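Let me begin by presenting the structure, written as structure tokens, before commenting on it.
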Number of protein chains: 2
Amino acid sequence: MKVTELAKEFGTTPDTVRYYTRLKLLNPTRSENGYKYYPPIEISKLKFILSARQLGFSVSDIQHIVDEASLGKAACPLVRSLIKERLAETEKQFQAMLALRKNMKDALAQWEVKEDKAPTSTMVCHLIDSFEPTEENGGSHE
Amino acid sequence: MKVTELAKEFGTTPDTVRYYTRLKLLNPTRSENGYKYYPPIEISKLKFILSARQLGFSVSDIQHIVDEASLGKAACPLVRSLIKERLAETEKQFQAMLALRKNMKDALAQWEVKEDKAPTSTMVCHLIDSFEPTEENGGSHE
DNA sequence: CTTGACCTGTGTCTTACACACAGGTCTAAA
DNA sequence: TTTAGACCTGTGTGTAAGACACAGGTCAAG
């Protein structure tokens with residue numbers, strides 16, 4: 001399989017396949033003309049990479065996992081440990097987004113009923129300057 | 001106020017203040033020795049920028065808002081329109097994270113009870129290869 | 001006069017690709 | 001046979017919002 005064929009097969013882009021190949025996560029063979037050809041084993045590796053990405057592993061994580069596996073060791077303990085880390089991070093970001101979303105919605109609601117005001121030397125936009133986060137958010141950092 | 005003082009005042013970093021200054025969002029004066037000094041008006045601009053960032057505006061958005069305001073026009077319509085866009089984007093990302101988080105949690109649960117397995121030529125890690133997303137997630141793209 | 005804490009600009013690094021570009025290669029039609 | 005178009009190649013750059021590094025200037029205190 002060639003790059004574009006492979007990408008289409010898995011609903012990703014040629015650039016993504018090339019990117020993984022640059023990082024040596026994929027190791028296609030070369031045909032006479034210089035084109036990359038992906039044999040079945042590389043195809044299954046791509047499938048693996050895409051699955052792992054969907055589960056929140058970083059590309060760097062995947063490299064570590066593949067390295068481990070290429071030594072013949074079971075990567076499972078590493079995989080379990082990594083996903084705990086990533087899940088914790090995701091949870092943090094998730095909470096942050098939850099708060100952000102609420103702030104944005106509140107702001108939108110507050111602003112719908114406020115009139116426009118021209119800027120002054122000390123105020124760029126009174127909407128933003130006057131926005132008050134509500135109870136749950138806006139508390140200082142904890 | 002000097003860079004570090006200013007950063008501390010608002011709980012941000014000197015690098016962030018320098019970054020905004022590079023982009024000319026802030027325009028400090030220079031003292032004899034070449035140091036940047038931020039007069040009160042620049043201090044209030046920084047406050048504005050940080051508030052806007054907290055509301056999900058991009059730095060580029062803020063530049064547009066500031067540009068508009070510097071022409072003497074009310075930036076309010078632009079601000080209302082931008083936050084709608086940003087909120088829509090945030091909502092999308094939020095839903096994506098929600099799904100990701102669920103997948104990660106499900107994977108973690110599935111994996112706690114599975115044994116380790118050495119890799120084979122066609123399988124890097126059976127945990128990841130065998131993961132099945134549950135109902136709500138995993139549906140094809142819609 | 002030296003130490004140490006601050007400041008300066010500039011440049012590089014991060015993530016996970018997307019996109020551009022100049023040029024090589026293949027297929028099929030004219 | 002030529003040629004158009006659709007593919008491929010590598011390499012280089014751009015993205016967001018800073019973080020970090022580095023070489024060197026500045027300043028107050030001892």
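Here is the naming used below: chain letters follow the sequence lines, and residue numbers restart at 1 for every chain. A quick note: this is a predicted structure, and the numbers were derived from the prediction, not measured. No hydrogens, no waters, no symmetry mates; every other heavy atom, side chains included, goes into these values.
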(message) If I take atom CG in residue B:L26 and atom P in nucleotide D:dA17, what distance separates them, rounded to the nearest angstrom?
(response) 15 Å
(request) Before accepting this row, confirm whether a basic side-chain N of the pair A:E89/A:R86 lies closer than 4.0 Å to the acidic partner's carboxylate O. (result) yes
(request) Write down the distance between CD1 (B:I49) and P (D:dG18), rounded to a whole number of angstrom. (result) 10 Å
(message) Could you see if B:Y20 belongs to whatever hydrophobic cluster contains B:I41? Use Ile, Leu, Val, Met, Phe, Trp, Tyr and a side-chain cutoff under 4.5 Å.
(response) no
(request) Can you tell me the distance, in whole Å, between the CD atom of B:Q54 and the P atom of D:dA17? (result) 15 Å
(request) Return the nearest nucleotide to the side chain of A:R30; candidates are C:dG9, D:dG25, D:dG10. (result) D:dG10
(request) Calculate the interatomic distance between B:E5 atom CD and C:dT8 atom C1'; express it in whole Å. (result) 16 Å
(request) Examine D:dT9: is either OP1 or OP2 under 4.0 Å from a nitrogen or oxygen in the side chain of A:N33? Give yes or no. (result) no
(request) Give a yes or no on whether the backbone of A:P77 and the side-chain of A:S81 come within a donor-acceptor separation of less than 3.5 Å. (result) no
(message) Please check this pair: side chain of B:R80 against backbone of A:W111, looking for a donor-acceptor N/O pair closer than 3.5 Å.
(response) yes
(request) Starting at atom OH of B:Y35, determine the distance to atom P of C:dA5, rounded to an integer number of angstrom. (result) 14 Å
(request) Can you tell me the distance, in whole Å, between the CZ atom of B:F10 and the P atom of D:dG18? (result) 15 Å
(message) Is it the case that the side chains of A:S31 and A:N33 hold a donor-acceptor pair, with the cut-off being a distance below 3.5 Å and no angle test?
(response) yes
(request) Using whole Å, report how far CD of A:E32 lies from C1' of C:dG24. (result) 15 Å
(request) Would you tell me if any nitrogen or oxygen in the side chain of B:R18 comes within less than 4.0 Å of OP1 or OP2 on D:dG18? (result) no
(request) Look at B:K36 and C:dG9 and indicate whether a side-chain polar atom (N or O) is within less than 4.0 Å of OP1 or OP2. (result) yes
(request) Look at A:E42 together with A:K45 and state whether they make a salt bridge at an N to O cut-off of under 4.0 Å. (result) yes
(request) Could you state the atom-to-atom distance from CG of B:L23 to P of D:dA19 in whole Å? (result) 13 Å
(message) Using only atom types and a distance under 3.5 Å, with no angle test, would you say the side chain of A:Q54 pairs donor to acceptor with the backbone of B:N103?
(response) no
Atom pairs, N/O to N/O, protein against nucleotides 12-19 of chain C, distance under 3.5 Å?
| unit_1 | atom_1 | unit_2 | atom_2 | d |
| --- | --- | --- | --- | --- |
| C:dC17 | OP2 | A:Y20 | OH | 2.8 |
| C:dC17 | OP2 | A:R53 | NE | 2.9 |
| C:dC17 | OP2 | A:R53 | NH2 | 3.4 |
| C:dA18 | OP2 | A:T13 | OG1 | 2.6 |
| C:dA18 | OP2 | A:T16 | OG1 | 3.2 |

